[in-house]
Amino acid sequence: NDYLNPSYATFLNDQSGAMSKSLFFNKKLLSDVSFQVQGQVVQAHKAVLAARCKVIATMFSSGFVESKNRVIDIGDTTPDCFLAFLEFLY
């Protein structure tokens, strides 16, 4: 934004991201998709994930089975690793 001091704009962006993460990261509130990782259920929000990752956006908006399911099984990773990936996206 040309109107804000760059350091203030960074501050606002960081604050907004922190608030979004605290409200929505792995929280059921308004979640519309769940991931099953080694028996652990992880809550997420398709709009957030799709906005941050083109591959996930394609997965949710194309004819892939994941676009129709509310629960998506994730294999070949641990819950901690998958949560770290989601936290990066949020």
Side-chain angles (χ1 to χ4, degrees):
N1 189 336
D2 294 334
Y3 301 105
L4 290 176
N5 177 319
S7 62
Y8 190 67
T10 299
F11 169 78
L12 289 177
N13 190 40
D14 290 349
Q15 292 298 309
S16 174
M19 179 178 286
S20 176
K21 192 165 80 170
S22 72
L23 289 172
F24 301 115
F25 174 62
N26 198 20
K27 303 273 174 65
K28 193 166 180 83
L29 177 67
L30 302 176
S31 71
D32 56 356
V33 65
S34 299
F35 295 95
Q36 184 90 8
V37 187
Q38 293 184 351
Q40 182 175 330
V41 176
V42 178
Q43 303 293 331
H45 306 81
K46 288 182 179 182
V48 173
L49 302 180
R52 301 279 290 152
C53 178
K54 287 183 180 182
V55 172
I56 291 177
T58 300
M59 180 180 76
F60 287 145
S61 63
S62 299
F64 292 105
V65 68
E66 291 87 357
S67 66
K68 298 171 184 73
N69 294 346
R70 288 192 43 91
V71 178
I72 299 170
D73 289 318
I74 302 294
D76 297 329
T77 192
T78 64
D80 287 341
C81 184
F82 188 72
L83 283 167
F85 169 66
L86 285 186
E87 185 174 15
F88 171 76
L89 294 179
Y90 274 78

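Counting from 1, the numbers follow the sequence of the chain as shown. Predicted, not measured: the structure shown is a model, and the values here were computed from it.
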Are any side-chain N or O atoms of [X] and backbone N or O atoms of [Y], one a donor and one an acceptor, separated by less than 3.5 Å?
X     : Y     : value
Lys21 : Glu87 : no
Asp32 : Lys46 : yes
Ser62 : Thr58 : yes
Ser61 : Ala57 : yes
Ser31 : His45 : no

Hydrophobic clusters here meaning ILVMFWY residues chained together by side-chain heavy-atom distances under 4.5 Å, can you tell me if [X] and [Y] are in one?
X     : Y     : answer
Val48 : Val55 : no
Val65 : Ile74 : no
Phe85 : Val37 : yes
Val33 : Leu29 : yes
Val42 : Phe88 : yes

For a quick test of reading the model, state the closest non-hydrogen atom pair linking [X] to [Y] and the distance between them.
X     : Y     : answer
Pro79 : Gln38 : CD-OE1, 3.2 Å
Leu49 : Leu86 : CD2-CD2, 3.6 Å
Cys81 : Thr77 : CB-OG1, 3.3 Å
Leu83 : Gln40 : CD1-NE2, 3.8 Å

Distance (rounded to the nearest 0.5 Å) between Phe35 CZ and Gln43 CD: 10.0 Å
Interatomic distance, Phe64 atom CZ to Asn69 atom CG [nearest 0.5 angstrom]: 13.5 Å
Where at least one partner belongs to residues 62-81, residue pairs that pass salt bridge (Lys or Arg N to Asp or Glu O under 4.0 Å), sequence neighbours excluded: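 Qualifying pairs, neighbours excluded: none.
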Working for side-chain contact (heavy atoms from CB on, under 4.5 Å), residues Leu89 and Ile56: CA-CA 11 Å; Leu89 294 179; Ile56 291 177; 3.7 Å; yes
Aromatic centroids of Phe24 and Tyr90 separated by under 6.0 Å: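 So the answer is no for these two rings.
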